Amino acid sequence: MLKWGLVPFWAKDAAIGARMINARAETVAQKPAFRQAFKRRRCVILADGFYEWHAEDGRKTPYFISLKTDRPFAMAGLWESWDKTDQPPLETCAIITTTASKSIGKLHDRMPVILDAPTATDWIQAERDPDALIAMLKSYDDEDIQAWPVNRTVNNPANQGPTLIERAD
DNA sequence: CCAGACGTTGTT
DNA sequence: GTCTGG
DNA sequence: CCAGACGTTGTT
DNA sequence: GTCTGG
C-alpha cells in the first residue's frame with residue numbers, strides 16, 4: 001500500500017513526504033527528490049476523479065473533475081521505498097502534474113497527468129527512453145473531461161462519501 | 001570547503 | 001545521495 | 001488546498 | 001496575519 005507523499009530514499013525524516021505530494025512533469029527528470037524514481041520506479045495511481053479549486057469572488061470553489069465516460073483512469077506517478085527505521089520499508093508515491101488543459105485551465109493552472117490505457121502500460125515499463133517518458137506527460141484531451149462545482153464540505157479531508165462529488169451551484 | 005536543501009500549490 | 005548557496 | 005492554531009506557567 | 005497539520 002503506497003502512502004501519498006513521496007519520501008526520497010535518502011531522506012533522514014519521513015516528514016519530508018508531506019511536501020512531495022506532486023512532481024512537476026517539466027522537472028521530474030532532474031529534481032533530486034524524484035529523478036531516481038523517474039528512472040526506475042514509475043507507477044500509475046487509479047482514480048475516477050480529482051478536485052481542483054477555483055478562486056472566484058474571494059472564495060475557492062471546489063470542482064470535481066472526471067472523464068465524460070465516468071470511467072476510472074490512470075494518473076502518472078512515482079514511488080519510493082524508504083528503509084531507514086526498524087519498521088518495514090515505508091512505500092510512498094507522488095502524482096505528476098502538468099499544465100492544465102484549456103478547459104481545466106479556467107479553474108486552475110495545473111492538473112494531474114492522465115494517461116490513456118496504452119500509454120499507462122508504456123509508462124510503467126522498466127526500461128524507457130527518458131525523452132519518450134517525458135513526452136507522455138501531457139495534459140489530457142479536453143474533449144474527454146467534465147467538471148462541475150461541488151460542496152465545500154470536501155475541503156475538510158475528514159469528510160468522506162459519495163455526496164462530496166454531487167453537483168452544487 | 002561545509003551547511004542546508006532536496007517540492008508544489010495540495011488533503012492519503 | 002547529490003546539488004546549490006554562501 | 002483548507003482548517004485550525006497561534007502560548008506559557010502569566011495580571012494593562 | 002501567518003504557520004502548521006491533515
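Numbered from 1 within each chain, the chains take letters A, B, ... in sequence-line order. Just so you know, these numbers come straight off a predicted model, no measurement behind them.
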How many Å lie between [atom1] on [X] and [atom2] on [N], as a whole number?
| X | N | atom1 | atom2 | result |
| --- | --- | --- | --- | --- |
| A/Met111 | B/dT9 | CE | P | 12 Å |
| A/Glu52 | D/dC2 | CD | C1' | 14 Å |
| A/Arg110 | B/dG10 | CZ | P | 10 Å |
| A/Ile104 | B/dT9 | CD1 | C1' | 16 Å |
| A/Met75 | B/dG10 | CE | P | 13 Å |
| A/Ile95 | B/dG10 | CD1 | P | 11 Å |
| A/His108 | D/dC2 | NE2 | P | 10 Å |
| A/Leu107 | B/dG10 | CG | P | 11 Å |

*Contact list for residues 67-78 of chain A, test side-chain hydrogen bond (donor to acceptor under 3.5 Å, both in side chains), sequence neighbours left out*: A/Asp70-A/Gln146
*Using Watson-Crick or G-U wobble pairs with both distances under 3.5 Å, give me DNA chain B in dot-bracket, 5' to 3', with [ ] for crossers and | for pairs to another strand.*
||||||......
*Of all residues at least two apart in sequence or in a different chain, which pass the salt bridge (charged side-chain N to carboxylate O under 4.0 Å, His left out) check with A/Arg19?*
none
*Please list, chain by chain and in numerical order, all residues satisfying salt bridge (charged side-chain N to carboxylate O under 4.0 Å, His left out) with A/Asp141, sequence neighbours excluded.*
none
_Under a 4.0 Å threshold between the charged nitrogen and the carboxylate oxygen, would A/Arg41 count as salt-bridged to A/Glu80?_
yes
*Can you list every pair that meets ring-ring contact (aromatic ring centres under 6.0 Å, His included) and has a residue in residues 76-129 of chain A, with sequence neighbours left out?*
none
*Pairs where residues 149-169 of chain A contributes a residue and the test ring-ring contact (aromatic ring centres under 6.0 Å, His included) is met, not counting sequence neighbours*: none
*Contact boundaries on DNA chain C for chain A, cut-off under 4.0 Å to non-hydrogen atoms*: C/dG1 to C/dC3
*asked:* Under a 3.5 Å cutoff, is there a donor and acceptor pairing between the side chains of A/Ser103 and A/Asp142?
replied: yes
[M] and [N], which share atom name [atom1], separated by this distance in whole Å:
| N | M | atom1 | result |
| --- | --- | --- | --- |
| B/dG10 | D/dA3 | C1' | 14 Å |
| D/dG7 | E/dT4 | P | 10 Å |
| D/dT9 | B/dA5 | P | 29 Å |
| D/dT8 | B/dG4 | C1' | 31 Å |

*Excluding sequence neighbours, so at least two apart, what forms side-chain hydrogen bond (donor to acceptor under 3.5 Å, both in side chains) with A/Glu166?*
none
*Within the structure shown, what part of the strands sits under 4.0 Å from A/Gln36 by heavy-atom distance: base, sugar-phosphate, or nothing?*
nothing
*Counting distance only, does the side-chain N/O of A/Arg167 pair as donor-acceptor with the main-chain N or O of A/Trp148 below 3.5 Å?*
no
*Can you sort out the partners of A/Ala47 under side chain to side chain contact (heavy atoms under 4.5 Å, CB included), two or more places apart, ordered by chain and number?*
A/Phe73, A/Met75
_A/Tyr51: which residues meet the ring-ring contact (aromatic ring centres under 6.0 Å, His included) condition with it, sequence neighbours left out?_
A/Phe64
Any N/O pairs under 3.5 Å between the protein and nucleotides 4-7 of chain B? List them or say none.
| unit_1 | atom_1 | unit_2 | atom_2 | d |
| --- | --- | --- | --- | --- |
| B/dG7 | OP1 | A/Pro32 | N | 3.3 |
| B/dG7 | N3 | A/Arg19 | O | 3.2 |

All N/O donor-acceptor pairs, side-chain side in residues 6-16 of chain A, below 3.5 Å, sequence neighbours left out:
| unit_1 | atom_1 | unit_2 | atom_2 | d |
| --- | --- | --- | --- | --- |
| A/Asp13 | OD1 | A/Ala15 | N | 2.8 |

